[in-house]
Amino acid sequence: DIEALQRHFDDTIAAEHRIEPRDWMPDGYRRTLVRQIAQHAHSEIIGMQPEGDWLLSAPSLRRKAILLAKVQDEAGHGLYLYSAAETLGADRADLTDKLIEGRQKYSSIFNYPTLSYADVGVIGWLVDGAAICNQVPLCRSSYGPYARAMIRICKEESFHQRQGYELLLTMMRGTDEQRAMVQDAVDRWWWPSLMMFGPPDAESPNTAQSMAWGIKRHTNDELRQRYVDMTVPQAEFLGVTLPDPELSLDPETGRHRFGAIDWSELKRVISGEGAMNRLRLARRRAARDDNAWVTEAATAYAEKHAAEKRA
Ligand code: FAQ
């Protein structure tokens with residue numbers, strides 16, 4: 001009976017054991033996971049575009065090979081996460097349709113343009129840095145397939161973060177013009193990277209329930225603070241200034257105070273009014289439509305083989 005199933009589910013969560021695909025789970029738990037995992041997958045796939053824009057103009061063969069590998073990793077993360085969503089009964093093609101129709105979200109951060117090659121380094125350092133901060137605790141998420149996917153994804157993200165930081169260190173050892181490019185990119189990406197963690201806790205409708213279910217392990221503000229504390233010393237070592245005059249170390253807590261975030265910007269970008277929203281979705285739509293014949297051919301081939309096996 002349903003009460004016994006609910007009790008078993010609650011006990012599993014309380015004991016910090018994992019929920020697996022065949023286990024009974026409340027509808028809300030399943031819905032929340034599909035929402036978060038699909039959004040996460042969409043972010044990886046849409047997130048290939050800003051850096052992908054630099055593949056043809058990377059400054060050397062070595063940089064091009066590194067960037068190509070990183071963008072391919074992002075595709076892999078997206079597919080891996082769609083598989084995790086499928087264990088909950090979601091359909092991958094349907095999730096992609098929802099993304100393209102604007103019925104599901106992807107991270108706000110990918111709606112900003114990459115104006116110079118330094119942006120590639122700053123995305124690795126700040127965007128992957130924020131992604132790691134947010135995702136390492138998700139390795140302990142209560143849903144087994146999501147938590148396990150996060151372990152591998154985090155390993156690759158930390159490699160991405162280091163390649164971005166190394167790229168920036170190289171540019172900072174270069175010319176004045178290169179140093180100015182890095183500073184300009186940091187000025188443009190710092191505040192949007194803070195917004196990746198989501199709205200402030202007081203305005204986050206999902207956090208409390210997601211934490212009670214063990215899907216999320218920390219609140220948005222906790223993770224944002226952790227990210228700031230982690231990033232400030234890295235900025236100092238790099239020799240760049242983070243564009244926040246109010247940024248300062250609180251000697252009592254050992255944590256950094258930072259200025260007010262412009263939440264109206266996050267709202268605008270999430271609702272589709274960022275600089276790049278339309279282009280990002282138009283490209284994703286074109287990729288789906290132009291490549292539909294590949295999907296159709298692969299499906300027909302698989303069906304033919306299955307029929308041959310049965311015969
Ligand atoms: N952008 O109640 P909450 C990457 C939405 S990393 C867009 O706080 P929640 C790697 C939120 O969905 C980026 N929407 O929601 C990479 C909700 O809307 P809904 C992806 C946002 O879920 C690096 C509403 O606002 N990472 O891709 C954003 O408890 C470099 C209310 O918010 C993940 O997805 C935002 N920034 O907390 C790739 C990590 N913030 O659905 C390429 C997993 C909030 O109710 C290059 N996700 N919203 O209509 C999470 O940890 C959570 O979902 C949060 C949001 C923390 C993002």
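Both counts, for ligands and for their atoms, begin at 1 and track the order of listing. Keep in mind that the numbers below use all heavy atoms, side chains included, and drop hydrogens, waters and symmetry copies.
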| Under a strict 4.0 Å criterion on non-hydrogen atoms, which protein residues are in contact with ligand 1? |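 Close residues (ligand 1, cut-off 4.0 Å): Arg35, Gln36, Gln39, His40, Ser43, Glu44, Gly47, Glu51, Lys70, Glu74, Lys105, Tyr106, Ser107, Ser108, Phe110, Val127, Asp128, Ala131, Asn134, Gln135, Leu138, Tyr146, Glu157, Met195, Met196, Phe197, Gly198, Pro199, Ser204, Pro205, Asn206, Lys216, Asn220, Ile270.
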| said: Looking at every non-hydrogen atom in both residues, tell me the closest pair between Asp119 and Ala185 and how far apart they are. | reply: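 Looking at all heavy atoms of both residues, the closest pair is OD1-CB, 3.4 Å.
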| query | Do Arg188 and Tyr112 meet the cation-pi criteria used here (NZ or CZ under 6.0 Å from the six-membered ring centre, within 45° of the axis)? | reply |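 Because its charged atom misses either the 6.0 Å distance or the 45° angle limit, Arg188 does not stack over Tyr112.
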| request: Using a 4.5 Å cut-off on heavy atoms from C-beta on, say whether the side chain of Arg18 contacts that of Ser142. | output: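 A side-chain contact under 4.5 Å is absent here.
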| task | For a side-chain contact (heavy atoms from CB on, under 4.5 Å) with Phe258, tell me which candidate from Leu242, Asp244, Asp229 qualifies. | result |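 That would be Asp244; it is the only one of Leu242, Asp244, Asp229 passing the side-chain contact (heavy atoms from CB on, under 4.5 Å) with Phe258.
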| request: Nearest 0.5 Å please: distance from the OG atom of Ser57 over to the CZ atom of Arg63. | output: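 Ser57 OG to Arg63 CZ: 14.5 Å, rounded to 0.5 Å.
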| For the residue pair Phe237 and Trp125, is the inter-centroid distance of their aromatic rings smaller than 6.0 Å? |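 Ring centroids of Phe237 and Trp125 are no less than 6.0 Å from each other.
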